[in-house]
Amino acid sequence: MALSKDRILPEKKVSHAPEFPLSVAAGYRVFRGSLCVVCQDGSVVPAGTAAPPSPAVASAGIARHAQDNTGTSTVMSAQVGPGPLWCEKSCFGMPFDTAPTWADVGKPVYAVDDETVSLTETPASGSARLQVGTLSGLEADGTAYVLFA
């Protein structure tokens, strides 16, 4: 299920990958804590977007803040319009569609939507998902951590 509001994810501190300012594609809104992907044209959309402006080609990471480029906001602020949007690449606790185990550590992780990830690249009734990271480990409470690099 896609995000409908901002969220804060648990994080394991690691050396961060380089971050670049990105522009949210026209007609899209990104929530803080959204898993974002970069499209071939350089714009950013929430992961799992059904019809992005061009094919999704890479993980942008987790959105540091919300950015609304739908053109419907009546509020003027830095979070309205295309951006810049800053996405963080680190190690975050993420919800999975099916709970992983320690036997899955090191396996590729794929975006289901901007909220959820999976160990399954191609679901039975769907097309291939974009790889966004690697399963890094599990907390005692079952929280699975994904390294976005």
Side-chain angles (χ1 to χ4, degrees), residues 1-72 79 82-83 85-149:
M1 183 162 92
L3 288 176
S4 60
K5 63 180 182 177
D6 292 346
R7 70 173 174 178
I8 298 174
L9 293 168
E11 180 181 3
K12 298 287 186 186
K13 295 296 183 184
V14 298
S15 297
H16 289 254
E19 297 174 14
F20 300 92
L22 303 163
S23 295
V24 175
Y28 289 89
R29 180 178 183 179
V30 171
F31 292 100
R32 177 182 179 192
S34 289
L35 173 52
C36 298
V37 295
V38 179
C39 296
Q40 194 170 29
D41 67 1
S43 65
V44 174
V45 296
T49 297
S54 63
V57 295
S59 170
I62 303 295
R64 287 180 178 251
H65 59 87
Q67 192 72 35
D68 185 348
N69 196 19
T70 60
T72 60
Q79 282 72 47
L85 175 70
W86 291 90
C87 291
E88 191 171 3
K89 293 189 176 181
S90 188
C91 189
F92 293 98
M94 295 291 294
F96 275 71
D97 60 351
T98 302
T101 68
W102 277 103
D104 297 315
V105 170
K107 290 184 178 177
V109 173
Y110 304 93
V112 173
D113 55 33
D114 64 340
E115 178 180 21
T116 312
V117 294
S118 178
L119 292 170
T120 305
E121 180 179 9
T122 307
S125 61
S127 56
R129 297 170 173 155
L130 183 67
Q131 182 179 345
V132 294
T134 305
L135 180 60
S136 185
L138 302 163
E139 284 283 7
D141 67 2
T143 302
Y145 281 79
V146 176
L147 179 61
F148 298 91

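For the atom pair OH (Y145) and SG (C91), the distance works out to 7.5 Å, reported to the nearest 0.5 Å. Between L22 atom CG and Q67 atom CD the span is 10.5 Å, to the nearest 0.5 Å. We find the OG1-CG distance between T101 and L138 to be 7.5 Å, quoted to the nearest 0.5 Å. If you take CZ on F92 and CG on L147, they are separated by 10.0 Å, rounding to the nearest 0.5 Å. Atom OG of S23 sits about 8.5 Å away from atom CG of L85, to the nearest 0.5 Å. Note that CG of D113 is 10.5 Å distant from OG of S118, once rounded to the nearest 0.5 Å.
Of all the heavy atoms in Y110 and V132, the pair that sits closest is C-CG2, 4.1 Å. Pairing each heavy atom of D6 with each of R32, the nearest pair is OD1-N, 2.9 Å. Heavy-atom minimum distance, L135 versus V109: N-CG2, 3.4 Å. Among all heavy-atom pairs drawn from G93 and T143, the shortest one is CA-CG2, 3.8 Å. Considering all non-hydrogen atoms of both residues, C87 and A63 come closest at SG-CA, 4.0 Å. A pairwise comparison of heavy atoms in V45 and C39 identifies CG2-SG, 3.8 Å as the closest pair.
Counting only residues at least two apart or on different chains, the side chain to side chain donor-acceptor pair (under 3.5 Å) pairs with a member in residues 36-57 are D41-S43, D41-S54.
Partners of R64 under the side-chain contact (heavy atoms from CB on, under 4.5 Å) rule, at least two apart in sequence or in another chain, are E19, W86, E88.
Between Y28 and P53 the shortest side-chain heavy-atom distance falls below 4.5 Å. The shortest distance between side-chain heavy atoms of P95 and E115 falls below 4.5 Å.
A donor-acceptor pair is defined here as one N or O able to donate and one able to accept, closer than 3.5 Å; no such pair exists between the side chain of R29 and the backbone of T70. Within the 3.5 Å criterion, the main-chain N or O of S34 finds no donor-acceptor partner in the side chain of D114.
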R129/V117 under side chain to side chain contact (heavy atoms under 4.5 Å, CB included): CA gap, chis, key distance, verdict
CA-CA 10 Å; R129 297 170 173 155; V117 294; over 6 Å; no
Worked check of side chain to side chain contact (heavy atoms under 4.5 Å, CB included) between T120 and T98:
CA-CA 9 Å; T120 305; T98 302; over 6 Å; no
